[in-house]
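Each remark here refers to the structure printed beneath this line.
Order of the sequence lines sets the chain letters (A, B, ...), proteins ahead of strands, with each chain counted from 1.
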Amino acid sequence: MELHDLTITNTKEKFKKKEFSSLELTKAYLERINILEPKLSAFLTVTKEKALEMAEKSDKKMAAGEDSPLLGIPFSIKDNFNTKGIRTTASSKVLDNYIAPYNATVVERLEKAGITILGKTNMDAWAHGSSTETSDYGSTKNPWDISRVPGGSSGGAAASVASDESLAAIGSETAGSIRGPSCWCGLVGLKPTYGRVSRYGVIAMASSTDSPGPITKTVEDAALILEVLAGKDSMDATSSSHPTAKYATQMKKMEKSMTIGISDDYFANVDPEVTEKIENAIKLLEKKGHTVKKIKLFDPQKSIDVYTILMRSEVSSNLARMDGIRFGNDRSFFRDEAERRIMLGTYALSSGYYDAYYKKTQKVRTLIIEDFMNAYKSVDVIIAPTFPTTAPKIGILGDNPMFGEMMDVLTEPSAIAGLCGVSIPVGFSKEHLPIGMQIIGPQFGETTILKLAYQYEQETQFWKEKPNI
Amino acid sequence: MKINVKHIAKLANLPISEKKLNKFEAQLEQTIEHVDRLQEIDTSKVSETNDITGLLNVMREDIVTPSLSQEEALSNAKKTHNGFFVVPVIIEEAIE
């Protein structure tokens, strides 16, 4: 069995043809984790016993002729998702000893769909960062070059899939945390519309933009997982009852050509190598009959300020519950990045400053939303780089108090507006590092962005290339 | 802009050393200086967005459904007493 060639789609076929069982597959992944983890540190917890148990159960179901959408498929779960009976830390020592007493809705739905949980993946502590360097358990390494960061905050998730330590991963994004690491690890990262996937049981970062979603090798795998995750959840009042779709089936039908919006401000300060690959990708899409239209969007550089205030305010409020009384350790266990964010948020929300910062931010947020709504009157999707560079060397974070916000500059505006977006690989740099492009759609435009992503992937198949690790 | 980091740390209930607070003071002021560019954007004619879903008054039937047991809810607490969380004393005076 060649792990790198496996997708959810073809693995399910191989199960059917009895090429291997779910238990055999799970053992192969656990073996790979065993070999690679000393190099990569993608996982914080490997749930070996539970994985073997779940795989055996799936094999029994298959033998009994039962099926479910993700039956027997091995997954890694980002460590900010509550997983019943499993340590859940969000990569912070505040939660070093926290054993989740319940499952996040995402985990509940995935288990019902038949997955095997291989373990919990490393991330920036509390999801505060874009490199995994703020993790209290040390940085994850990028499988394409272990001297580089994998991106973040879902960096362990992306590294686990890129290195074939897992077939698929669940991450979460507040602004860039799914799309970013997928970009730097050469993967597909789908950030659903805010409210499309339940936040219940996800350790909150910024509640008004947090969106769980899949990180996978192929667009079809991402679509299949979204089918399982999407939909109203009574445990999350902000989850939407907007109709869900058979995304993986519908995305294969390109009924009419699309108009793709391009905004020059999204290419300012972008590495020329990155720009070149994305221009090539756009040319390819034009050859397939789509039209490109130049548009002018709200300057993403200004979104950094909006996002900084918005997120840090919500962070200070959400992390107030970490008091060490009901669970976890006390507040002396927070490290610099969380402390800085809590402090700035507390300041922005404090009496006398609320109007100047938080309220002002929420007003500019309205402008950003209206700007996108206006753009989608004349375009179907917007295309932009995901990250402005390829993966930098470990140590990039340094003591920069705004590194995360600066790196996420091109994913922040759409996250602030609650839109959906997917990052897909569009080639490699001279140093053979993956380059990613994002397709941004309107709220609940998942089918539209997946269509274009799928069509592009069919033409290029970059996912078949694998890192030399 | 001068930030009273000691006061903010107290509001945020964060036990941070004097030395680190000094470092944070400069960093927070740097961040505030950056985000102050926001004030240049004209927002006189817009109202704030507090929620992007457009959902309003999401209610459910007032029916009891299965939830965490008392034992599960207490399972991560460092100190419990007779099935309750033990919290730090916040009212010094003894209540008789």
- By a 4.5 Å heavy-atom criterion (distance strictly below it), what part of Phe298(A) contacts chain B: side chain, backbone, both, or neither? side chain
- Quick one: what part of Leu56(B) sits under 4.5 Å from any heavy atom of chain A, side chain, backbone, both or neither? neither
- Note on the structure: All heavy atoms of Asp42(B) vs all of Leu367(A), minimum pair found to be O-CD1, 3.9 Å
- Message: Heavy-atom cut-off 4.5 Å, strictly under: side chain, backbone, both or neither for Ser207(A) against chain B?
- Response: neither
- Select one option (side chain, backbone, both, neither) describing which atoms of Ser350(A) are under 4.5 Å from chain B's heavy atoms. side chain
- Task: With a 4.5 angstrom heavy-atom cut-off, could you sort out which part of Val5(B) is near chain A: side chain, backbone, both or neither?
- Result: both
- Message: Given heavy-atom pairs under 4.5 angstrom as the criterion, report whether the side chain, backbone, both or neither of Gln39(B) touches chain A.
- Response: both
- Segment of Met322(A) engaging chain B (4.5 angstrom heavy-atom cut-off): neither
- Looking only at Ile41(B), Val87(B), Thr53(B), Leu11(B), the option with the highest number of non-hydrogen pairs under 4.5 Å against chain A is Ile41(B)
- Query: Can you find a pair of side-chain heavy atoms, one from Val35(B) and one from Arg312(A), that are under 4.5 Å apart?
  - Reply: no
- Toward chain B, the part of Glu405(A) with a non-hydrogen atom under 4.5 Å: neither
- Is any residue of residues 61-70 of chain B within less than 4.5 Å of chain A by heavy atoms, and which ones? Leu68(B)
- Side chain proximity check, Val58(B) to Thr238(A), heavy atoms < 4.5 angstrom: no
- Item | Toward chain B, the part of Ile369(A) with a non-hydrogen atom under 4.5 Å | side chain
- Non-hydrogen atoms of Gly418(A) and Ile52(B) that approach each other most closely: CA-CD1, 3.4 Å
- Query: Which bit of Ser316(A) is near chain B, if near means a heavy-atom gap under 4.5 Å: side chain, backbone, both or neither?
  - Reply: neither
- Item | Region of Leu28(B) in contact with chain A, defined by heavy-atom distances below 4.5 Å | both
- Interface moiety of Leu310(A) toward chain B, non-hydrogen atoms closer than 4.5 Å: neither
- Item | Positive for side-chain hydrogen bond (donor to acceptor under 3.5 Å, both in side chains) with Thr43(B), one of Lys359(A), Arg365(A), Lys360(A), Gln362(A) | Lys360(A)
- Item | Top contributor to chain A interface from Val86(B), Thr31(B), Leu55(B) [non-hydrogen pairs under 4.5 Å] | Thr31(B)
- Contact check, side chains of Ile3(B) and Met343(A), non-hydrogen atoms, under 4.5 Å: no
- Query: Counting a contact as any heavy-atom pair under 4.5 Å apart, which residues of residues 72-85 of chain B contact chain A?
  - Reply: Glu72(B), Ser75(B), Asn76(B), Ala77(B), Lys78(B), Phe85(B)
- Message: Under 4.5 Å from any heavy atom of chain B, what part of Ala237(A) do you find: side chain, backbone, both or neither?
- Response: both
- Message: Please find the pair of heavy atoms, one from Asn13(B) and one from Arg331(A), that lie closest to each other, and give the distance.
- Response: O-NE, 2.9 Å
- Where do Phe24(B) and Asp336(A) land on the side-chain contact (heavy atoms from CB on, under 4.5 Å) test, with the steps shown first? CA-CA 9 Å; Phe24(B) 282 179; Asp336(A) 287 24; 4.1 Å; yes
- Query: Would Ile16(B) and Phe334(A) satisfy side-chain contact (heavy atoms from CB on, under 4.5 Å), going step by step from the backbone distance to the final call?
  - Reply: CA-CA 10 Å; Ile16(B) 304 178; Phe334(A) 281 119; over 6 Å; no
- Task: Check whether Asn4(B) gets within reach of chain A through its side chain, its backbone, both or neither, counting any heavy atom under 4.5 Å.
- Result: neither
- Engaged part of Ala348(A) at the chain B interface, taking heavy atoms whose separation is under 4.5 Å: neither
- Message: Measuring from atom CG of Asp305(A) to atom CD of Glu40(B), what distance do you get when rounded to the nearest 0.5 angstrom?
- Response: 9.0 Å
